[in-house]
Amino acid sequence: MMNPARFSRPLPGLVAEAARMNSFIDPEKIDGTVLAPIVSAASERAQKLPAVCALEEAKGREERAALFLRAGLAESRTGCFEAQLRSGGSRMILEVKAASPSKGLMREEVDLTDYARVYGRYADAVSVLTEPQFFGGSFERLAALRLLTEKPLLAKDFIVSREQILAAFRSGADAVLLMLSVLSDEGYRLLADYARALGLEILTEASTPEEARHAVELGARVIGINNRNLRTLEVDLARAPAIANELSGHPVIVAESGYRNAADILEARAKSPAIRAFLCGSALSVARDLSTGVRELLYGHSKCCGITRAGDAMNALKAGAVAIGIILAPRSKRRVTLEDARGLIEEIRRGAGAIGLSAEIAAVIDAAQLDEVPAIASALKPDVLQIHGDLSDETLKRLHADFPALRLAPAVTPEGLSADALEELARRIQKLIEDKTIDRAVLDSARLGRTGGTGRAFDFSLLRFFRTIPRIVIAGGLSQANAAAAAHAFGENFFGLDFNSGVEDAPGIKSPEKLREAFGAIRGISR
Ligand SMILES: O=P(O)(O)OC[C@@H](O)[C@@H](O)c1c[nH]c2ccccc12
């Protein structure tokens, strides 16, 4: 793997050499940038690929046809990449990326079955790095993934030759990346023509405002705007929205690089509604559990509470929840007894494992039940203990000391409090999170069991008191109708939403459609 330090030194003769070998490159664009060694290596590799000629193209078509046949897919799918990204809300191109020049090796082992299962459920399209030297990718990996997913596949490489496009084609790609930061105008046109002739779609990447405008002039239909400065490798998340807002026409705009969580994505969409899709790689490459990483990236650390049936929990996880809440508080309409909760949690854990989705289990209790915590902890072994009602800091500290394995999530009701009391409450929570006494806090619009289930929504103006605190879960009357507003109200500190009555047909009975719609709403997807 390449040492990033090598990029800072000029590499004498390298760019000139690359340009001599390859007429599609604009040497002036890449000179002195991190792209120089990468592009030069790509040119060299391209020379070793089968040369583009009638015979190789015929072989390529046969190989591609065989792949699609084995995958059980129709081959004529030109347009699927763009169509997916154009379909409204924040669309996600999720990437398979083992390494990068800025982060080094991120994933020792790339388990394609896991990627196919998770991306197959949540991605709108999948990007596969095929660059081997700096990004640890390969065309073989692309072809292997083709057999496992029907999602539109983007071959992500530093394409400087027709040979690479043919290789992407025979590996089953639907689209290829062409970078305006690398290619000359003439080079771009010739390569784009060749890709189109093979029925491949194109993601045209720009990393400066000039390149982005130029992409529009060149007639690019899908334009990626890179947040990464290719000279310094630095990421600035304000870059893509700013450039997107300047563009005319109706290309699909994909914001690329540096997105760490759902809040980053909400912020970008708020800055520029012109962005239709996001390309995310590294955040997922470093995620401990891919399925959790993806759900958190798309929907935040969100929970479905008041679960009484394992099947409902499965639907919630599929829709995008990472956490499942089981209510033990006696006053709740969705109360489950300790005995039933034990069986329910077992069933949920087993079912979630079977579909490859992990579930964080929260036991939800009332402050009056504190003496039951030892029994609950040993019978259910929940990951999180959510406690409604008034608790002193001392009580929370003692609980934390007594049950270090339980992540504590006190739920507080801000409604009816004075501004002073709200400020005080926010300060307390901030402090408790900072010193790790609690893992997060739940802001609930309704006292548990009393107004729960009425669908009464949160007074979002109250959220402003808590906006600067990380790890706040918003709860109370959330549904498809107000999920987006709740998430946006929290802005850059958005952590997660908690759905309960708003996704139900009856108390304790969740609706699969309402779950899907509510989670979709977080991404601005209405369907
Ligand atoms: O890993 P990140 O920061 O989420 O970024 C993904 C993607 O944007 C990045 O891999 C990328 C954008 N343009 C490229 C061109 C070549 C190789 C890689 C890239």
Side-chain angles (χ1 to χ4, degrees), residues 1-2 4 7 25 29-30 33-42 45 85 90-107 110 115 119 123 125-139 141-142 154-160 164 168 173 175-183 188 202-208 211-212 215 220 222-237 239-240 243-244 253-262 264-265 268 275 277-287 290 293-294 296-298:
M1 204 55 56
M2 184 93 180
F7 294 131
I25 300 169
K29 286 185 183 166
I30 63 170
T33 75
V34 299
L35 293 167
I38 304 179
V39 165
S40 139
R45 258 193 328 275
L85 304 184
S90 300
R91 295 292 159 175
M92 302 300 286
I93 309 176
L94 303 181
E95 191 154 274
V96 182
K97 184 182 195 179
S100 78
S102 58
K103 297 215 167 58
L105 185 64
M106 292 178 281
R107 235 170 225 265
V110 174
Y115 273 104
Y119 286 10
V126 177
S127 164
V128 183
L129 256 315
T130 53
E131 203 284 348
Q133 196 175 331
F134 299 84
F135 294 86
S138 69
F139 286 113
R141 178 174 294 155
L142 175 64
L154 169 73
K156 193 78 157 334
D157 210 327
F158 296 78
I159 292 185
V160 292
Q164 288 162 291
V176 290
L177 177 72
L178 294 180
M179 298 169 71
L180 292 187
S181 50
V182 169
L183 301 169
Y188 173 84
I202 298 157
L203 173 61
T204 303
E205 185 180 290
S207 64
T208 64
E211 283 173 10
V222 186
I223 300 177
I225 306 179
N226 205 336
N227 286 313
R228 195 179 289 283
N229 178 328
L230 296 174
R231 290 193 174 266
T232 62
L233 276 185
E234 253 158 51
V235 163
D236 173 7
L237 293 186
R239 204 173 161 101
I243 297 177
I253 297 178
V254 181
E256 302 179 348
S257 306
Y259 295 99
R260 297 156 300 185
N261 51 42
D264 284 345
I265 288 168
I275 296 174
F278 295 85
L279 177 47
C280 302
S282 305
L284 303 172
S285 305
V286 300
L290 190 65
V294 170
E296 284 184 336
L297 183 68
L298 271 60

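Everything quoted here is computed from the prediction, not taken from an experiment. Counting starts at 1 for both ligands and their atoms, in listed order.
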To which protein heavy atom is [atom] closest, and what is the distance rounded to 0.1 Å?
atom                    : answer
atom 4 (O) of ligand 1  : G281 N, 2.7 Å
atom 3 (O) of ligand 1  : G258 N, 2.8 Å
atom 1 (O) of ligand 1  : S282 OG, 2.4 Å
atom 5 (O) of ligand 1  : S257 CA, 3.3 Å
atom 13 (N) of ligand 1 : E205 OE1, 2.5 Å

What part of [X], side chain, backbone, both or neither, has a heavy atom within less than 4.0 angstrom of ligand 1?
X    : value
N226 : side chain
E131 : neither
L177 : side chain

Practice problem: Verify side-chain contact (heavy atoms from CB on, under 4.5 Å) between R239 and N229, making sure each step is shown before the conclusion. | Solution: CA-CA 9 Å; R239 204 173 161 101; N229 178 328; 4.1 Å; yes
Quiz item: Taking the side chain from Q164 and the backbone from F158, do they hold a donor-acceptor pair closer than 3.5 Å?
Solution: yes
Interfacing atoms of ligand 1 (cut-off 4.0 Å, heavy-atom, [X]):
X    : result
C280 : 4 (O)
E256 : 8 (O), 12 (C), 13 (N)
F135 : 17 (C), 18 (C)
F158 : 16 (C), 17 (C)

Quiz item: By side chain to side chain donor-acceptor pair (under 3.5 Å), which residues pair with R107, not counting sequence neighbours?
Solution: Y115
Quiz prompt | Verdict with supporting geometry, L290 and Y119, side-chain contact (heavy atoms from CB on, under 4.5 Å) | solution = CA-CA 9 Å; L290 190 65; Y119 286 10; 4.1 Å; yes
Quiz item: How about N226 and S257: does a side-chain donor come under 3.5 Å of a side-chain acceptor?
Solution: yes
Practice problem: Decide yes or no for R228 and L233: does some side-chain heavy atom of the first lie under 4.5 Å from some side-chain heavy atom of the second? | Solution: yes
Quiz prompt | Residue pair E95, L279: steps toward the side-chain contact (heavy atoms from CB on, under 4.5 Å) verdict | solution = CA-CA 7 Å; E95 191 154 274; L279 177 47; 3.6 Å; yes
Quiz item: Atom NZ in K156, atom CD1 in I93: separation rounded to 0.5 Å?
Solution: 8.5 Å
Practice problem: Determine, considering heavy atoms only, which of K156, E95, K103 sits nearest to atom 18 (C) of ligand 1. | Solution: K156
Self-check item: Sequence-distant partners of Y188, ring pair (Phe, Tyr, Trp, His ring centres under 6.0 Å), two or more places apart
Solution: none
